[in-house]
Asks: 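Here it is: the structure, laid out below.
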Amino acid sequence: MPQFQDPRLLVSGATMDDAGVYKLNEQQALVQTVDFFTPMVDDPYVFGQVAAANALSDIYAMGGRPLTALNIAAFDLDIGKEVIQRILAGGAVKLQEAGCLLVGGHTIEDKEPKYGLAVTGLVHPDKLITNAGAQPGARVVLTKPLGSGILSTALKGDLLDNEGLEELTAVMTELNDKASAVMQQVGVLAATDITGFGLLGHAWEICASSGVGMELQYGDIPVMDRVVDFASMGVIPAGAYKNKRYLEDKIEFSGVPEHGQIILCDPQTSGGLLIVVEESKLSELTGLLQAAGIDGSVIGTITDSKGLITVTG
Ligand code: CO
Ligand code: CO
Ligand code: CO
């Protein structure tokens, strides 16, 4: 972990980590994060749920427990009071599920609707989970299937059927709370949540912060049902290409099809946790995840090839 001037600042938001962490005392540290975005689904209630699950996720990724949240919103009053209420109700129901209290918020007028939250959580300073603790030989586990960017793009193009929309909604509205609790119970080396930089972008953050490399098995990486078809058809968000270009000299693909490479770079909304765990604790972690109703897929191994990710088909 980098050294900061002020010893109370355990993790700065200026690094690649998910949230800023401020040490209150020997037992408690505050975890703070903010996230908001434009709608990726038509249903305002679902959009509100996704925005809240996504904002809470950065607290869970660091092993924290969310305490309070503030709404951040921008609405054009023309969309109607009822739509705005549905968005906020979606956010509220997820906060309730998380046991996190809404303590206020701020709304401005804007043509393009935006919604999200600033969330404050608590973690024991010794149980803080960052990007920086991965060690060679440790295993890599992913807790949600990929493809929400691609499926959202298909939805915008009117190409996604109801079953596809249901799967997308279920994945994006699922809290990472149980996965986070399991990580804390087992004790893991590093973790982050998968969001805008895609699986490979966030995997690279762990590699860069920890000074290690990663080896991923393409066939073991979980993907939602219709994602491969859409990716093969070229239904791909611009952000996936942008991520792939940025990662060009950091990733080596061997035997991974073109559409697979782009799926691994697909920007995720409210994605799963990417967890690095010692080999000796792997079966305990996946077993407890399964007992909590989560499919923890073992997708790779940490290596000593500093800053390099290899993906094998
Ligand atoms: Co994050
Ligand atoms: Co974030
Ligand atoms: Co991250």
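Owing to the predicted nature of the structure, the values given are computational and were not obtained by experimental measurement. Just follow the structure's listing: the first ligand is 1, and inside any ligand the first atom is 1.
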Asks: Looking at E174, is its backbone amide N or carbonyl O close enough to the side chain of K144 to form a donor-acceptor pair, meaning the two atoms are under 3.5 Å apart?
Replies: yes
Asks: Ring-plane angle category for F37 and F47, please: parallel below 30°, perpendicular beyond 60°, tilted otherwise.
Replies: tilted
Asks: Just wondering, do E284 and L288 contact through their side chains at under 4.5 Å, heavy atoms?
Replies: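 Yes, side chains in contact.
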Asks: Has D193 got an N/O/S atom less than 2.8 Å from the Co ion (ligand 1)?
Replies: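 Coordinating: yes.
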Asks: For a 4.5 angstrom cut-off between non-hydrogen side-chain atoms, does L30 reach K23?
Replies: no
Asks: When you measure from the Co ion (ligand 1) to each N, O or S atom of D58, which atom gives the shortest distance?
Replies: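 Atom name of the closest N, O or S in D58: OD1.
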Asks: Identify, by name, the N, O or S atom of D18 lying closest to the Co ion (ligand 1).
Replies: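 Nearest N/O/S atom of D18: OD1.
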